[in-house]
Participant: 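Here you go, one structure.
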Amino acid sequence: MIYIIRHGRTDWNDERKLQGRTDIPLNDSGREMAEKARETYKDVEFDICFCSPLIRARETADILLRGRNIPVIYDDRLLEMSFGEYEGVKDSFDDPDLPVNVIFKEPENYTSSVGGAETFEELFARTGEFLRERAIPEHEKGKSVLIVGHGAMNSSIVSQIRHYPIAQFWSAGIENCKLMQLM
């Protein structure tokens with residue numbers, strides 16, 4: 001099996017700020033979510049965990065897997081999508097003219113970087129490489145794989161495995177600390 005989960009909540013989630021690669025820790029609510037996920041998924045077997053190196057994902061993996069002898073491997077290809085100069089912007093959807101909103105509202109029309117943000121092509125290239133080189137080979141060996149990451153990064157993995165067109169990029173609805181089985 002291959003499973004994916006998004007990190008718990010952060011202050012920036014609560015403040016509706018674009019996080020991207022800004023390294024924001026979990027807040028108390030996020031830690032509680034991870035603890036609840038730990039209890040909810042305690043009987044789900046994982047043989048190996050691949051995790052984003054960002055602190056919010058690392059904290060989530062640490063809490064979720066506490067007391068279990070499961071190796072956690074950090075991989076830079078699992079970093080969140082970079083939103084460039086728009087990281088830290090609050091309530092971006094309140095400004096209809098903000099160029100970064102095309103990523104969220106019309107992903108099929110996001111064809112080149114805005115404000116230094118990562119493109120979907122770049123995101124899919126690195127996460128696709130991770131799938132081909134790490135997650136799928138472990139799955140093919142019969143191992144149960146857990147991936148701990150982020151909203152956009154997780155959506156790119158879900159989209160590739162489920163063959164979603166880019167217009168459906170956000171359709172999986174990646175919630176904080178909700179486990180999703182992919183394969």
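Positions are given from 1 along the sequence.
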Participant: Please report whether the ring centroid of Tyr110 lies less than 6.0 Å from that of Phe120.
Facilitator: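 For Phe120 and Tyr110, the ring centres are under 6.0 Å apart.
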
Participant: Taking atom CD of Glu121 as the centre, report whether more than 12 heavy atoms of other residues, nucleotides or ligands fall under 6.0 Å from it.
Facilitator: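 Atom CD in Glu121 is not packed in, count stays at 12 or less.
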
Participant: Would you say the side-chain atoms of Arg132 pair up with the backbone N or O of Gly128, donor to acceptor, closer than 3.5 Å?
Facilitator: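 A pair under 3.5 Å: yes.
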
Participant: Please determine whether side chain to side chain contact (heavy atoms under 4.5 Å, CB included) holds for the pair Ile73 and Cys49, giving the CA-CA distance in whole Å, both sets of side-chain angles, and the decisive distance to 0.1 Å.
Facilitator: CA-CA 6 Å; Ile73 299 166; Cys49 173; over 6 Å; no

Participant: Please assess Glu80 against Arg56 for the test salt bridge (Lys or Arg N to Asp or Glu O under 4.0 Å), listing each intermediate value before the final yes or no.
Facilitator: CA-CA 11 Å; Glu80 176 59 304; Arg56 59 192 182 268; 5.2 Å; no

Participant: How close do Ala152 and Met81 get, heavy atom to heavy atom, and via which atoms?
Facilitator: CB-CB, 3.8 Å

Participant: With heavy-atom distances below 4.5 Å as the criterion, would you say the side chains of Leu26 and Thr60 are in contact?
Facilitator: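 They are in contact (side-chain heavy atoms under 4.5 Å apart), so the answer is yes.
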
Participant: Could you go through Met153 and Arg6, starting from their C-alpha distance and side-chain angles, then the distance that decides it, and tell me whether this counts as side chain to side chain contact (heavy atoms under 4.5 Å, CB included)?
Facilitator: CA-CA 9 Å; Met153 186 283 298; Arg6 182 180 176 198; over 6 Å; no

Participant: Is the shortest side-chain N to carboxylate O distance from Glu129 to Arg77 below 4.0 Å?
Facilitator: yes

Participant: Any side-chain heavy-atom pair from Val44 and Leu146 closer than 4.5 angstrom?
Facilitator: no

Participant: Quick one: do Lys36 and Glu39 make a salt bridge, cutoff under 4.0 Å?
Facilitator: no

Participant: Going by atom types alone, do Thr10 and Asn27 pair a side-chain donor with an acceptor below 3.5 Å?
Facilitator: no

Participant: Check whether any side-chain heavy atom of Phe93 lies under 4.5 Å from a side-chain heavy atom of Leu98, and answer yes or no.
Facilitator: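 A side-chain contact is absent here, since even the closest heavy-atom pair is not under 4.5 Å.
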
Participant: What I'd like to find out is whether the side chain of Glu87 reaches to under 4.5 Å of the side chain of Gln19, using heavy atoms alone.
Facilitator: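 A side-chain contact under 4.5 Å is absent here.
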
Participant: Please tell me if the side chains of Phe83 and Ser92 come closer than 4.5 Å, counting only heavy atoms from C-beta onward.
Facilitator: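 No, their side chains stay 4.5 Å or more apart.
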
Participant: Can you get from Ile4 to Leu78 by hopping between Ile, Leu, Val, Met, Phe, Trp and Tyr side chains that sit under 4.5 Å apart?
Facilitator: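 They do share one cluster, since a chain of ILVMFWY contacts under 4.5 Å joins Ile4 to Leu78.
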
Participant: Go through the structure and list residues passing side chain to side chain contact (heavy atoms under 4.5 Å, CB included) with Glu138, not counting sequence neighbours.
Facilitator: Ile48, Phe50, Lys141, Lys143, Val145

Participant: Could you pull out all residues at least two apart from Trp12 that satisfy ring pair (Phe, Tyr, Trp, His ring centres under 6.0 Å)?
Facilitator: none

Participant: Could you state whether Tyr164 and Leu131 fall into the same hydrophobic cluster, counting links through intermediate Ile, Leu, Val, Met, Phe, Trp or Tyr residues with side-chain heavy atoms under 4.5 angstrom apart?
Facilitator: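 Linked, Tyr164 and Leu131 end up in one cluster.
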
Participant: Can you find a heavy atom in the side chain of Ser52 that is under 4.5 Å from one in the side chain of Tyr74?
Facilitator: no

Participant: Please determine if Arg31 and Glu59 form a salt bridge, counting it only when a charged side-chain N lies under 4.0 Å from a carboxylate O.
Facilitator: yes

Participant: Let me confirm one number: the CG-CZ distance from Asp76 to Arg21, rounded to the nearest 0.5 Å.
Facilitator: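 If we round to the nearest 0.5 Å, Asp76:CG and Arg21:CZ are 8.5 Å apart.
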
Participant: Following the transitive rule for hydrophobic clusters with a side-chain heavy-atom cut-off under 4.5 Å over Ile, Leu, Val, Met, Phe, Trp and Tyr, establish whether Leu123 and Phe104 coincide in one cluster.
Facilitator: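 Leu123 clusters together with Phe104.
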
Participant: Donor-acceptor pairs under 3.5 Å, side chain of residues 172-183 to any protein atom, not counting sequence neighbours: which ones?
Facilitator:
from   : atom 1 : to   : atom 2 : distance (Å)
Asn176 : OD1    : Arg9 : NH1    : 3.4
Asn176 : ND2    : His7 : O      : 2.8

Participant: Nearest 0.5 Å, what's the CD1-CD distance between Ile136 and Gln160?
Facilitator: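 CD of Gln160 is found 9.0 Å from CD1 of Ile136.
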
Participant: Are the side chain of Ser113 and the backbone of Thr119 linked by a donor-acceptor contact shorter than 3.5 Å?
Facilitator: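 No; judged by distance alone, with no hydrogens or angles, the pair does not exist.
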
Participant: Are Tyr3 and Leu64 linked, directly or through other ILVMFWY residues, by side chains that come within less than 4.5 angstrom of each other?
Facilitator: yes

Participant: To the nearest 0.5 Å, what is the distance between CD (Glu45) and CD1 (Ile70)?
Facilitator: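 It comes to 8.5 Å.
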
Participant: Give, for atom CG of Asp75 and atom SG of Cys51, the distance between the pair rounded to the nearest 0.5 Å.
Facilitator: 10.0 Å

Participant: Spell out, yes or no, whether Val114 and Val89 are grouped together once hydrophobic residues are joined by side-chain heavy atoms under 4.5 Å, including indirect joins.
Facilitator: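 Yes, Val114 and Val89 fall within the same hydrophobic cluster.
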
Participant: Can any side-chain N or O of Trp170 pair as donor or acceptor with the backbone N or O of Ile103 at less than 3.5 Å?
Facilitator: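 Flag set: sc Trp170 to bb Ile103 pair under 3.5 Å.
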
Participant: So, Ser156 and Thr127: side-chain donor and acceptor under 3.5 Å apart, yes or no?
Facilitator: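 The criterion, which ignores hydrogens and geometry beyond distance, is satisfied for Thr127 and Ser156.
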
Participant: Starting at CG of Asn101, measure out to CG of Asp95 and round the result to the nearest 0.5 Å.
Facilitator: 7.0 Å

Participant: Do Asp23 side-chain atoms and Ile55 backbone N/O form a donor-acceptor pair below 3.5 Å?
Facilitator: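 Confirmed, Asp23 side chain pairs with Ile55 backbone.
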
Participant: Could you check if a side-chain atom of Phe124 sits within less than 4.5 angstrom of a side-chain atom of Phe169, using non-hydrogen atoms only?
Facilitator: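 Result yes, sub-4.5 Å side-chain heavy-atom pair found.
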
Participant: Salt bridge check: are Glu118 and Arg126 linked by an N-O gap of less than 4.0 Å?
Facilitator: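 The answer is yes: the pair qualifies as a salt bridge.
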
Participant: Could you state the interatomic distance from CG (Asn109) to NZ (Lys105), rounded to the nearest 0.5 Å?
Facilitator: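 That separation rounds to 13.0 Å.
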
Participant: Indicate yes or no: at least one non-hydrogen side-chain atom of Pro53 is less than 4.5 angstrom from one of Leu79.
Facilitator: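 Yes, their side chains come closer than 4.5 Å.
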
